[in-house]
Trainee: 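Before I ask anything, here is the structure I am working with.
Residue numbers run from 1 in the order of the sequence given. As a basis for the values below, the full set of heavy atoms in this structure was taken, side chains included, without hydrogen atoms, waters or symmetry mates.
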Amino acid sequence: MNILLITQNFTIGGLETHLAGQIRVLSNEGHKIHLVVGSEFDSRIMPKELASITTGLRLDSDIDITDFISVVDQLKDIIEKKNIDIIHAQPFYSIIIGAFVAEITHKPLLITLHGPVAFASYLGIIYNFLLKKIILTSANKTLVVSKELEELVKIYSQGSMTSLIPNSIKILDASDCDCQFGKWLCISRLDSQKIKGIFDFIIKAKGTTIQKVVIAGDGPAKDELSNELIKHNLEDFVEFLGYVSDITSIIPDFEGIAGMGRVVLEGGSFKKKIILVGYDGVKGLVTPQLFEKASIANFSGRNLKNITSQQLASDLVAYSNEYSKVNAEVISNEYNENINWKKFSHELNLTQQTAFISCGALLSKLYSIIKSDSQFVNNKKIFYSGEIVKYFGDVVFNKGVGGELSDYYHYLSSQYINEKIETITINNSNEQNLNAQINNITNEFERYKNDKENYIAALKLELKKCYTPADAEETNITVARDTNDSLELDDNASTAERTHISTGEGESNISLDGDDNIPSEKDNNDVIENNLKILDDKSFS
């Protein structure tokens, strides 16, 4: 099978090592993986088994309409040339773009979510709307890496196919070997989110049997961490190794390993003592009991309390090597990439049987409108402007479309207006200028609402034509229903006889007055007004 793997970034981290293992195993199973990456790319852990790679595509939140059209066209070209069978999209905006392309090219869509950050509000209301309301409800399959995420996805997926495949690692020989007592390896990317937990670990490790902390990893917050260590006279207690390309080759040299996520699995597979270091601090020495609890949130430390220095010190003294053996056995059985990705390979054959299509084929319709309008609004950021909201309205308020999509439109447009008003309120201290900007935003959507009202007005005119009194010389009156049923009345129909006109949700009666059995003008107008009121309520609620 030819698989198009789309990811916004491919640098050095947990997501990338996850994908590298997947590529290795699936390729050995006979699949061909074609990787498409955004602007952030690092080839150092790129598997040699890849069938092809395309880098530098705009797959980020700042993409404008012109670039969006260009990226979709490039992906369509790759799909055709590589004879792609299925699209596998990774976070973040690459999922959104991948879904557009899957529907346009009639390919199945598989997505993988790696953590709750996939639903973060800072990613934008349009991203969140498309992911939660449109894509998760229709994707052929959604993969998650933890029970925490599985439960979260169930809220939005509405019963669509979801599979839990945990972060999986390559299991290597973990024979007993000599290591330096008291020397611990902390493995982590050094970014602003993680250095708080790393610093907490170093502070607490100083008062324990740990004699030296060696940090493997690099990142933009390295200098900030170094400065904090100097302030607390800890620079001699810590050594920086920088990036290590083959981290498993040095793990055996240490008494214990500290970190989160895949680090817990890699260190544990070598039967090492493991300290789980969350984003905000030390969660504890990983016993089999803590391992099970931590696995729920993918060993991130979320929903676990930090422990004290005293607790860490006493736990290190009381730790049994049997704990490490139990952890290693669980990892080998449940987190083995050879086992898990081979199971996934079998699921792929089932996933490819049906093409992805979103609710009301929304995405392909949106793309057609975006492309037709791109020459006029080409420099606007598609995921952060009101243009896509308006395009969505164009799809929804066409004849024959509505229902659930109509509800979604009202939800999205109100969210967008509220976000705009909140943003300019925060960033504007001038009340007069603030009110002017708020009015501009409100007026913009009022104009669009007027377009919708014009559409409804046209329907009203059509409806009125249906109730025009028949010629007095005619002897029969036919009242047409929505269902194309009709009820005929002859010349002898009494004034007590009535018929009903249904608009779908309510009914109105027409009284037949006069010798000619013709609806009176008053009754006719009452019917029109009543049915138009129902139409208004249905359309604008």
Trainee: Which heavy atom of P108 sits nearest to which heavy atom of A102, and what is that distance?
Mentor: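 Between these two residues, the closest heavy atoms are O-CB, 4.4 Å.
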
Trainee: Flag the pair I3 / K32 as yes when at least one side-chain heavy-atom distance between them is below 4.5 Å, and no otherwise.
Mentor: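 No, every pair of side-chain atoms sits at 4.5 Å or beyond.
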
Trainee: Please tell me if the side chains of C186 and I202 come closer than 4.5 Å, counting only heavy atoms from C-beta onward.
Mentor: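 No - every pair of side-chain heavy atoms lies 4.5 Å or more apart.
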
Trainee: For the atom pair OG (S39) and CZ (F10), what is the distance rounded to the nearest 0.5 Å?
Mentor: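 Interatomic distance, S39 OG to F10 CZ, rounded to 0.5 Å: 14.5 Å.
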
Trainee: What pairs with E224 under side chain to side chain contact (heavy atoms under 4.5 Å, CB included), at least two apart in sequence or on another chain?
Mentor: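 Result, side chain to side chain contact (heavy atoms under 4.5 Å, CB included) vs E224: I195, A221.
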
Trainee: Check A99 against F356 and note the closest heavy-atom contact, atom names and distance.
Mentor: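 Heavy atoms of A99 and F356 come nearest at O-CE2, 3.5 Å.
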
Trainee: Pairing donors with acceptors under 3.5 angstrom, does anything connect the side chains of K154 and T162?
Mentor: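 No, because no side-chain N or O of K154 sits under 3.5 Å from a partner of the opposite role on T162.
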
Trainee: Mind checking the CZ-OG spacing from R58 to S70? Nearest 0.5 Å is all I need.
Mentor: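 Reported value, rounded in 0.5 Å steps: 10.0 Å.
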
Trainee: Tell me whether the count of non-hydrogen atoms from other residues, nucleotides or ligands lying under 6.0 Å of NZ in K147 goes above 12.
Mentor: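 Atom NZ in K147 is not packed in, count stays at 12 or less.
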
Trainee: Just wondering, do I135 and L109 contact through their side chains at under 4.5 Å, heavy atoms?
Mentor: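 Yes. Closest side-chain heavy atoms under 4.5 Å.
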
Trainee: T17 and side chain to side chain donor-acceptor pair (under 3.5 Å): which partner among E337, R262, E266?
Mentor: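 Going through E337, R262, E266 one by one, the side chain to side chain donor-acceptor pair (under 3.5 Å) with T17 is satisfied by R262 alone.
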
Trainee: With the side chain counted from C-beta on, respond yes when F119 and V153 share a heavy-atom pair under 4.5 Å apart, and no when they do not.
Mentor: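 Answer yes - side chains close enough.
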
Trainee: Checking side chain to side chain contact (heavy atoms under 4.5 Å, CB included) against T54, which of V36, D77, V37 comes through?
Mentor: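 Exactly one pass, corresponding to V36.
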
Trainee: Quick one: which residue pairs count as a ring-ring contact (aromatic ring centres under 6.0 Å, His included) with a foot in residues 43-83, not counting sequence neighbours?
Mentor: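 Output for this query lists F68-F100.
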
Trainee: Start with the C-alpha distance between F392 and F129, add both sets of side-chain angles, then the distance that settles ring pair (Phe, Tyr, Trp, His ring centres under 6.0 Å), and finish with yes or no.
Mentor: CA-CA 12 Å; F392 185 10; F129 167 77; 5.5 Å; yes

Trainee: Please find the pair of heavy atoms, one from A118 and one from L123, that lie closest to each other, and give the distance.
Mentor: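 Heavy atoms of A118 and L123 come nearest at O-CD1, 3.7 Å.
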
Trainee: Can you tell if the side chain of L304 reaches within under 4.5 Å of the side chain of L290, non-hydrogen atoms only?
Mentor: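 Result yes, sub-4.5 Å side-chain heavy-atom pair found.
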
Trainee: Report yes if some heavy atom in the side chain of I203 is under 4.5 Å from a heavy atom in the side chain of V282; otherwise report no.
Mentor: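 The answer is no; the side chains never approach within 4.5 Å.
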
Trainee: Can you tell me how far the OG1 atom of T11 sits from the CG atom of D42, to the nearest 0.5 Å?
Mentor: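 Answer for the OG1-CG pair, T11 versus D42, is 7.0 Å.
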
Trainee: Decide yes or no for F344 and L26: does some side-chain heavy atom of the first lie under 4.5 Å from some side-chain heavy atom of the second?
Mentor: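 Touching, per the 4.5 Å side-chain cut-off.
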
Trainee: So, for G98 and I6, which heavy atoms are closest and what is the spacing to 0.1 Å?
Mentor: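 Looking at all heavy atoms of both residues, the shortest contact is CA-CD1, 4.0 Å.
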
Trainee: Roughly how far apart are D200 CG and D280 CG, rounded to 0.5 Å?
Mentor: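 Between atom CG of D200 and atom CG of D280 there are 8.0 Å.
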
Trainee: At what distance, to the nearest 0.5 angstrom, does NZ of K222 lie from CD1 of I198?
Mentor: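 Between atom NZ of K222 and atom CD1 of I198 there are 12.0 Å.
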
Trainee: Against V101, only a single residue in I78, L363, L75 fulfils side chain to side chain contact (heavy atoms under 4.5 Å, CB included); can you say which?
Mentor: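 The single option meeting the side chain to side chain contact (heavy atoms under 4.5 Å, CB included) with V101 is L75.
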
Trainee: Going from OG1 on T7 to CD on Q90, what distance comes out if it is rounded to the nearest 0.5 angstrom?
Mentor: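 The CD atom of Q90 is 5.5 Å from OG1 of T7, to the nearest 0.5 Å.
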
Trainee: Under the ring-ring contact (aromatic ring centres under 6.0 Å, His included) rule, what pairs show up with a residue in residues 35-58, not counting sequence neighbours?
Mentor: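 Every pair satisfying ring-ring contact (aromatic ring centres under 6.0 Å, His included) with a residue in residues 35-58: there are none.
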
Trainee: Indicate the atoms forming the closest heavy-atom contact of I388 with L366, along with that distance.
Mentor: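 Where I388 meets L366 most closely, the heavy atoms are O-CD2, 4.2 Å.
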
Trainee: I want to check something: taking the side chain as every heavy atom from C-beta on, are E103 and Y367 in contact at a cut-off of under 4.5 Å?
Mentor: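 E103 vs Y367: side chains apart.
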
Trainee: If I compare all heavy atoms of A216 with all of V244, which pair ends up nearest, and what's the gap?
Mentor: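 That closest heavy-atom pairing would be CB-CG2, 4.0 Å.
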
Trainee: Parallel, tilted or perpendicular: which fits the ring planes of Y127 and F92, with parallel below 30° and perpendicular above 60°?
Mentor: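 Judged by the thresholds at 30° and 60°, the geometry between Y127 and F92 is perpendicular.
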
Trainee: Classify the ring geometry of H18 against W341: parallel below 30°, tilted from 30° to 60°, perpendicular beyond 60°.
Mentor: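 Aromatic pair H18/W341 classed perpendicular.
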
Trainee: Which of these, D60, D67, D62, D64, sits in a salt bridge (Lys or Arg N to Asp or Glu O under 4.0 Å) with K381?
Mentor: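 Looking at D60, D67, D62, D64, the match for K381 under the salt bridge (Lys or Arg N to Asp or Glu O under 4.0 Å) is D62.
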
Trainee: Quiz question: by atom type and distance under 3.5 Å, do the side chains of D246 and T248 form a donor-acceptor pair?
Mentor: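 Side chains of D246 and T248: pair found under 3.5 Å.
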
